[in-house]
Structure formats: structure tokens, C-alpha cells
There are 2 protein chains.
Amino acid sequence: MTSTDHGPRPAVRPTRQRRAVAAALAGFDDFRSAQEIHDLISRQGDSVGLATVYRTLAALADAGEVDMLRNEDGEAIWRSCSDTHHHHLVCRACGATVEVEGPAVERWTSAIAGEHGYADISHTLEIFGTCPGCR
Amino acid sequence: MTSTDHGPRPAVRPTRQRRAVAAALAGFDDFRSAQEIHDLISRQGDSVGLATVYRTLAALADAGEVDMLRNEDGEAIWRSCSDTHHHHLVCRACGATVEVEGPAVERWTSAIAGEHGYADISHTLEIFGTCPGCR
DNA sequence: GGAGAAGTTGACAATGATTCTCATTCAAGT
DNA sequence: ACTTGAATGAGAATCATTGTCAACTTCTCC
């Protein structure tokens, strides 16, 4: 047990289930619903409760390791992501996703918010369209 | 006055219920859930079924007369709006809303989309924060 | 190696928003 | 008034998501 103490314990344990979710996330590039991810895991031979999938995804999103956004029906959809702040260009038909960055947009939102005295700003920006392959 | 003929429009009848929803919408500036709007209507003395409120809000949103967006829980929230394309700066605490326009953002999103060959673009951009009054 | 504490899990119930069903009611045109 | 199709409401039905709680791991300390 070589252990390095870094202040308060993370208290996050590496379990079979969490590994399965991580493995599933590694297997696709677009956004998927929790249920789809749950199915994927089953198809990979593992068995993880749906509630656990939700819990794990929420934890990962909290830790900034996955992106969660909502499709037009309000359903949560997820995918693993790079750790910088970015937005998405998502194909309406096939779900193909491109991560995009827009420093200008970041600047613009903080400027607008500041102008109106709003603090503690966050924002959502997603672009939907039809990708070249789906036309 | 612009032409009123915008193609085949399914008959929309002015009913007591639709007037009640419109009246309720006129009574607030921030985003409210369908249920809150339903409560408002009741409090104003009218009685309209919840399903009808949903149907009417959906129709109005379709017609571009109200904005519908999703809060962080994925719930649909609504408010009447101006008819130009715009975005919102919403207070996380009290729901106070400011409509903002960002030509630069519009330009940026189409540029990005074009760059990647995506067509038929739409986008969502909402800014959340804490308003001056709620700090 | 083992005991006990604390984080995790799974099966299933519970919630809650939104939609659907369908018999009834209403507005518009004749 | 009479007919017709849109509109409504009450409640059932969906469906994603969260809560419950006993059983089960993993970790730590001895």
C-alpha cells in the first residue's frame, strides 16, 4: 500500500462499476443518454445498475471529466471531454460532435454579465446542425 | 403592416383558455415553469387545465411568441419575448431575466458551423448568474 | 489476517414533468 | 339553429431521474 497523502481523502473508490462506465465512455465520441450508456455496458458484458450509472456520470460531470448537456427534449446526454472549457457542434441526425472553443464568446458573456451587474457567471452554448455526412 | 399570409395556418381559435394563458404571460418578466403559470392562472380566477396550458405554451413557442428554455434541471421554462433572435441573462436565484443580443455570437456560430460543413444551423446560448439584488 | 467504519451498489419504489386518450364542449360558417 | 372539426379537461400513461435501504466492498488500523 504505497499511499501518498494529499490532504483530505478524495473518498472515491475504484470499483468494477466505475471502471465499466469509464470504459463505456471511452467507446464513443458523441453524446449518449444514461440509458444508452447503460445498454452499452451490458453489451460489453458488464452488469451495472442504472442508478449507479446515473450516480457515476453525475460524479464524473462534477469532477469535470465528462460533459453533460440536454437535448431538445430536456434529456441529459453525456460524453467524455477534454478538460478545457469548450462548446459543441452537434449533428441533429447522427449525433456527431465537434468540440469548439470561442474565446470571443467567453469574453462577450462576461462583459454582458458585468454590464448588468450579474456575478458568478456560467453559460451554456451549443450549436446544432446537420453534418456533411447526413445531408 | 406586413402581409399576414404566412402560408397555411391551422385554425387557431381564440378561446377563454388561450386568453387566460396570454394574460398570465403578460404578468411577469422572468421565466416560469408551466406549473407556475398554471398556478398563476388559477390565482387570477380562471380555471384552465394543466394539459391545456402545456398545449398553449407549446403552440405559442412554435409561433415564436414565447421563449422556452430549460433550467439546469431540464425543466422547460417560459416567458413572452420580443420577436427578434436573442439570448438571456438569467438570475439563478430570483429568475430575473435580461434579453441580450449578440450579433458577434451569431456570426461566430455560423462561421464555426460552416467551417465544419454543418448546415441548417441553430444554437442555444443562455447565461446564468446572480443578479445585483440577490447577492 | 481480521474487525469495524465508511463509501458503494442494486433492486425497486417514488417523483415529477410532460404527453396521451377520449368523451365532451365550443367556435365558426352555413 | 345545425354541422364539423378544433379545443378542452380529467386522469391515465410515459419516462427520465432520484430516493431508499439492506447487502456488499474497500480501506484503515491494529
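To find a chain, count down the sequence lines: A is the first, B the second, and so on, and within it residues start at 1.
Atom pair B:Arg19:CZ and C:dC26:C1' shows a separation of 12 Å (rounding to whole Å applied). Atom pair B:His38:NE2 and D:dG9:P shows a separation of 8 Å (rounding to whole Å applied). Here C:dA17 presents its P atom at 10 Å from CD of B:Glu36, a figure rounded to the nearest Å. As rounded to whole Å, 16 Å separates atom C1' of C:dT18 from atom CD of A:Glu72. Distance CZ (B:Arg16) to P (C:dC26): 9 Å, rounded to an integer number of Å. Rounded to an integer number of Å, the gap from CZ of B:Arg32 to P of C:dT18 is 16 Å.
Within the 3.5 Å criterion, the main-chain N or O of A:Thr124 finds no donor-acceptor partner in the side chain of B:Glu126. The backbone N or O of A:Val53 lies less than 3.5 Å from no partner atom in the side chain of A:His38, so there is not a single donor-acceptor pair. The closest donor-acceptor contact from the side chain of A:Thr97 to the backbone of A:Gly95 lies under 3.5 Å.
With sequence neighbours excluded, no residue forms a ring pair (Phe, Tyr, Trp, His ring centres under 6.0 Å) with B:His116.
Within 6.0 Å of CG in A:Asp73 there are more than 12 heavy atoms belonging to other residues, nucleotides or ligands. Under a cut-off of 6.0 angstrom, the local environment of CG in A:Asp30 is crowded, with over 12 non-hydrogen atoms contributed by other residues, nucleotides or ligands.
Comparing the start and finish of the helix from C:dG1-D:dC30 to C:dT30-D:dA1, five pairs each, the helix axis swings through 30°, to the nearest 10 degrees.
Between B:Glu99 and B:Arg79, at least one side-chain N (NZ, or NE/NH1/NH2) sits under 4.0 Å from a carboxylate O, which counts as a salt bridge.
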Next on the checklist: Generate the contact string for nucleotides 12-25 of chain D. Rules: B means base contact, S means sugar-phosphate contact only, - means no protein heavy atom under 4.0 Å.
Outcome noted: ----SBBBB----B
Item to check | Candidate pair A:Arg19 and A:Asp46, rule salt bridge (charged side-chain N to carboxylate O under 4.0 Å, His left out), full reasoning | outcome: CA-CA 10 Å; A:Arg19 248 172 281 124; A:Asp46 283 305; over 6 Å; no
